[in-house]
Amino acid sequence: MFTEDFEIWLAEVEAQLMSEDYGKDLTSVQNLQKKHALLEADITSRQVRLERCYIYSRGGNSPDVLLSYFRLFQLVECVKIKFCSYYND
């Protein structure tokens, strides 16, 4: 159940990160930055929960949780890159 819910959430986040919207004016850019900060906080929060699940499941060798953990790690890296692009573009 956890893994299925996580996969659905992960797909939604990945779709948000594919957006090419960088804002049209200062206000819209600031709003996007706030939205992105909330997304980053959500990802960090879920990463902590997933790490706990991974630790608890290690005894059972759950490949689903391990796979989800690595996908989340990739997502966190993607968020960091996209977040940096707001300031470098």
Side-chain angles (χ1 to χ4, degrees):
M1 174 92 171
F2 172 80
T3 304
E4 291 173 8
D5 291 341
F6 178 78
E7 290 294 326
I8 291 169
W9 172 82
L10 189 57
E12 291 171 358
V13 171
E14 288 172 338
Q16 287 180 27
L17 291 176
M18 299 300 288
S19 172
E20 296 288 328
D21 182 10
Y22 292 100
K24 296 178 182 173
D25 55 25
L26 180 59
T27 302
S28 62
V29 169
Q30 289 172 333
N31 289 336
L32 286 170
Q33 287 175 330
K34 289 176 186 176
K35 184 178 176 182
H36 192 83
L38 291 172
L39 177 61
E40 194 170 19
D42 188 27
I43 289 170
T44 301
S45 170
R46 289 180 187 259
Q47 181 180 15
V48 169
R49 284 185 270 162
L50 190 59
E51 287 172 352
R52 288 184 191 140
C53 288
Y54 173 69
I55 290 168
Y56 293 134
S57 70
R58 279 176 51 184
N61 296 323
S62 174
D64 289 341
V65 174
L66 184 59
L67 178 62
S68 295
Y69 175 76
F70 286 117
R71 287 194 61 208
L72 180 61
F73 177 78
Q74 291 173 335
L75 180 60
V76 169
E77 292 305 309
C78 182
V79 167
K80 289 176 186 175
I81 291 167
K82 188 158 179 97
F83 190 73
C84 288
S85 75
Y86 284 125
Y87 297 106
N88 294 331
D89 285 348

Residues that T44 engages under side chain to side chain donor-acceptor pair (under 3.5 Å), provided they are two or more places apart: none
For D42, all residues meeting side chain to side chain donor-acceptor pair (under 3.5 Å), sequence neighbours excluded: W9, R46
Can you measure from CG (D25) to CG (N31) and round to the nearest 0.5 angstrom? 8.5 Å
Drop me the distance from H36's NE2 to I43's CD1, to the nearest 0.5 angstrom. 7.5 Å
Shortest non-hydrogen contact from D21 toward L32: O-CD1, 3.5 Å
